[in-house]
Asker: 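Here's a structure for you.
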Amino acid sequence: MEPQIKGNAPAGVAQKYTLSDRLGSQAQRYGILIALVVLCIVLSIVSDNFLSSRNIINVLRQTSINGILAIGMTFVILTRGIDLSVGSVVALAGVVSASFATTSASGFIPGAPYMPLIPLVIGVLTGVAMGALSGIAVARYAVPAFVATLGMLSAARGLTLIYAGGRPIPALTDGYRWMGTGDIIGIPIPIILFALVFIVSHFVLTRTRFGRHIYAVGGNPHAAKVSGLSVNRIRFCVYLISGALAGIAGMVLAARTGSALPQAGVAYELDAIAAVVIGGTSLAGGVGRVSGTVIGALLIGVMNNGLDLLGVESYYQQVIKGGLIVAAVMLDRSRRTES
Amino acid sequence: MGQLLLEATGFQKAFNGVPALKDGRFSLKAGSVHALCGGNGAGKSTFLKILMGIHLRDAGVLKRNGKEVVFDDPSVALANGISIIEQELSPVPSMSVAENIYLGREPTGFLGCIDFKAMNAQAQELLDGFNFGIRADTLMMDLTVAQTQLVEIAKALSYNAEVIIMDEPTSALGEAEADQLFAAIETLKSHQKGVIYVSHRLSEIFTICDSYTVLRDGSFVEAGTLEDIDKDRLINLIVGRPLVEEFIKENRAQDHDVLRVTDLRADRNVRDVNFTLRKGEILALYGLMGSGRSEIFDRLFGLSDETAGNIMIEGKPIKIDDPKAAIAAGLAYVTEDRKGSGLVLSGDVRENLCLATVDKMSPSGMMNSRAEAAAASGMIDKLKIKTASDRLGVSNLSGGNQQKVVLGKWFLTDPTILLLDEPTRGVDVGAKREIYRVMSDFASKGGSIIMISSETDEVLGMADRVIVMRDGRVAGEVDRAEMSAEKLLHLAA
Ligand SMILES: Nc1ncnc2c1ncn2[C@@H]1O[C@H](COP(=O)(O)OP(=O)(O)OP(=O)(O)O)[C@@H](O)[C@H]1O
Ligand SMILES: [Mg+2]
């Protein structure tokens, strides 16, 4: 399939990208940050606990898994793609790596538990492998990203259940659990990982050639191709990145829980997409930032935490989160609608 | 002249079984500017895209410096010293000018970081070298169509390729900018590069090209040097029959004002615009690029934020603040940017033709597909739109035929006042004449036309009266009897 440039201006209406559109997106970028700050101020007034360092660390830790997934999702969405499979890949990477780190007698990997580095590498590779399959389908065989990763969502979940025999993998080594529960000078490891992923991703997207190429492929695939870029290789790579980060997130989750659950990560892709969208990245591709995504993820995290502190039932929390996503998109005036 | 840079023989290409190119032949020598001529849909762009590796050919042999080659991707063609300015502009709107120019070969420094400073400086130097007056750090989305075209030109030249393909590079440019391009082409020539040049403005071809190849209906017709041929004969080769005269003008302006504009303001600082338009008249707005012509159209059609000034239609003051009001008042607007605002690219020919008349054709809210099909096929015949069927995706049509679809869409609305911004942009000589005929008929039947054209010949050939714009103001008005190219240029500059 030839990459096509799409545009759908209404009849006779000059479609111009004006300055005000861009100011709009700037306003939204800061708008989300302002919303986050306001929310924090309100919560610190209504709840004494909110500003305690314990609670703040708690929020950050809870946000870190979604944040890592959302950063991977940002790479994909920037190229006009989507990765619906991350929730399932979280679970798969969790059980596969955990099977190398369990001390349980029911373990099926001979020689387990291994030193933490081995399960770690295996977890990342599991994610990369799943991302590679999605990436091949999208880039090589032109399967729409939505379909390819929807397939992976189902397949990876099935593989997880088969691999783990439908049961949790318990009794993980302390070394492995350190990824979820340890800390360095008081900062929990998940938060450090989240920060590292953010810094590296931000650097890659804003400073490197590969990053610029991701924006170009999303902004105008035809122009990218004619400029000599290997559009398909770039498309493939973003699914690898998303898969790798899902692998990391899966291990952090298993390490924190203390055992790898095959049902872990259900619907995590929705929160990740929500964070990306709230953070101002356009689903039409080519426009967005990981810093926005991080703020989006924090906003979701703070909101969940605040609603918990206030004792709002989780059912209501879902409704509020849904409203927030739609409101954020309504704000995004720079969005170019995709036909 | 120098050695053979490129030689193509027996090129064939079909899309879904419909042949677009049956026998493409071409050879390019170093130090020459070679015109590839042919009507709309003759297969020129298809041929060039094959050269560039954007399309794969079905058959044929391509030799580069005497060696047989296959370009299966643009990156391979680039590596072989070939670059292209595509007919359809293709910027990455959210990126800066510099990033667009150096896409795929960004200068990098420490840790593979892009050296943005060096990139901007390099791009600025390049642009200034051509006198394009564009800042390298502007975002592409903030440029006009003409500026976007200039950036694409700068980009193609910056590859320092041996062969530069230019597919209608001037269709979005005014004459002043085109002259800058021609100067650049002269330099390329003196550096022994080869240029493949496509344009429907034949005067350009006779100015800057030295040899020609004509394609018709996908097949090679003739090649030679331009010294040995005159304009009439070239037209004859392109169209396949002699054309008696270029313009058709049978309308006469009547003594009845249809539109009166007073103290109008528009975007980009256009002020104090006063003019009238008579029944049956073809009025031209003439001026250099950026003189405010299109802005006036935008304002008349309710596409501008500016609302100062009075518009009277048939003696009645009328407020136009959105296109709906404009259409209701009998206006129709063919914009200059057909990809951006003229066509729904994901739609087919029939849908696009009927787009502005959807309401009329569906009184009950249900689409009447028979009426739609009839209207569409009527327009396809009237304007001689070359398409395999009215259900073909409009993005598959050749550039000139897309332009005709936009025109047809607006003719179907049965307007009384037609605003035409570069109506024959990218249209071949034969089809231009069809468009002139439609314009003349429309005005003869009592319709009125305001047109913008960067081709002075077209203005002289078609207009009853010309309003010349300069820096957002009306600089003068010239009647048909007193019109001359010198006079228009003098007022505009
Ligand atoms: N992707 C495509 N799918 C189907 N048909 C196509 C496609 N591209 C081109 N065609 C058809 O091939 C023929 C040649 O088109 P091409 O664009 O090469 O013409 P052209 O000579 O460049 O015309 P113009 O002067 O109008 O630009 C046309 O009839 C066009 O409809
Ligand atoms: Mg063409």
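Per chain, numbering begins at 1; letters A, B, ... match sequence-line order. In this text the structure is predicted, and so the values were computed from the model without any measurement.
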Asker: For B:Glu152, is it the side chain, the backbone, both, or neither that has a heavy atom closer than 4.5 Å to a heavy atom of chain A?
Answerer: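 It is neither, since no heavy atom gets under 4.5 Å.
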Asker: If you look at every heavy atom in B:Ser90 and A:Asn220, which pair is closest and at what distance?
Answerer: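 For B:Ser90 and A:Asn220, the tightest heavy-atom pair comes out as OG-ND2, 3.2 Å.
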Asker: Could you look at B:Tyr102 and say if it's the side chain, the backbone, both or neither that has a heavy atom under 4.5 Å from chain A?
Answerer: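 Contact with chain A involves no heavy atom of B:Tyr102 at all.
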Asker: When you look at CZ of B:Phe15, are more than 12 heavy atoms from neighbouring residues, nucleotides or ligands closer to it than 6.0 Å?
Answerer: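 Result for CZ/B:Phe15: enclosed.
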Asker: Minimum heavy-atom separation for A:Ala224 to B:Leu103, with atom names?
Answerer: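 That would be CA-CD2, 4.1 Å.
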Asker: Any donor and acceptor pair, going by atom type alone, linking the side chain of B:Ser94 with main-chain N or O of A:Gly286 inside 3.5 Å?
Answerer: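 Looks like yes, one N/O pair under 3.5 Å.
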Asker: Which bit of B:Glu99 comes within less than 4.5 Å of chain A, counting heavy atoms only: side chain, backbone, both or neither?
Answerer: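 For B:Glu99, the side chain is the part near chain A, not the backbone.
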Asker: Donor-acceptor pair, A:Arg207 side chain versus B:Cys113 backbone, under 3.5 Å?
Answerer: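 No; judged by distance alone, with no hydrogens or angles, the pair does not exist.
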Asker: So which heavy atom on B:Val92 is nearest to which on A:Ala223, and how close?
Answerer: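 Heavy-atom minimum between the residues: CG2-CB, 4.1 Å.
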Asker: To the nearest 0.5 Å, what is the distance between CD on B:Glu88 and NE2 on A:His222?
Answerer: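 Going from CD on B:Glu88 over to NE2 on A:His222, the span is 9.0 Å.
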Asker: For B:Leu143, which atoms come within 4.5 Å of any heavy atom of chain A: side chain, backbone, both, or neither?
Answerer: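 Neither part; nothing is under 4.5 Å.
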Asker: How far does CG of B:Asn100 sit from CZ of A:Arg212, to the nearest 0.5 angstrom?
Answerer: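 The distance works out to 10.5 Å.
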Asker: Measure A:Phe203 against the heavy atoms of chain B and call it side chain, backbone, both or neither at under 4.5 Å.
Answerer: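 Answer is side chain: those atoms of A:Phe203 sit under 4.5 Å from chain B.
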Asker: Could you state the interatomic distance from CZ (A:Arg209) to CD1 (B:Ile114), rounded to the nearest 0.5 Å?
Answerer: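 Here the interatomic distance stands at 7.5 Å.
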Asker: Using heavy-atom distances under 4.5 Å, tell me whether B:Lys155 contacts chain A through its side chain, its backbone, both, or neither.
Answerer: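 Contact with chain A involves the side chain of B:Lys155 alone.
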Asker: For A:Gly228 and B:Ser75, work out which heavy atoms get closest and say how close.
Answerer: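 Nearest heavy atoms, A:Gly228 then B:Ser75: O-CB, 3.4 Å.
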Asker: Could you look at A:Ser230 and say if it's the side chain, the backbone, both or neither that has a heavy atom under 4.5 Å from chain B?
Answerer: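 Contact with chain B is absent: no heavy atom of A:Ser230 under 4.5 Å.
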Asker: Measuring from atom OG of A:Ser227 to atom CZ of B:Arg105, what distance do you get when rounded to the nearest 0.5 angstrom?
Answerer: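 A:Ser227 atom OG to B:Arg105 atom CZ measures 8.0 Å (nearest 0.5 Å).
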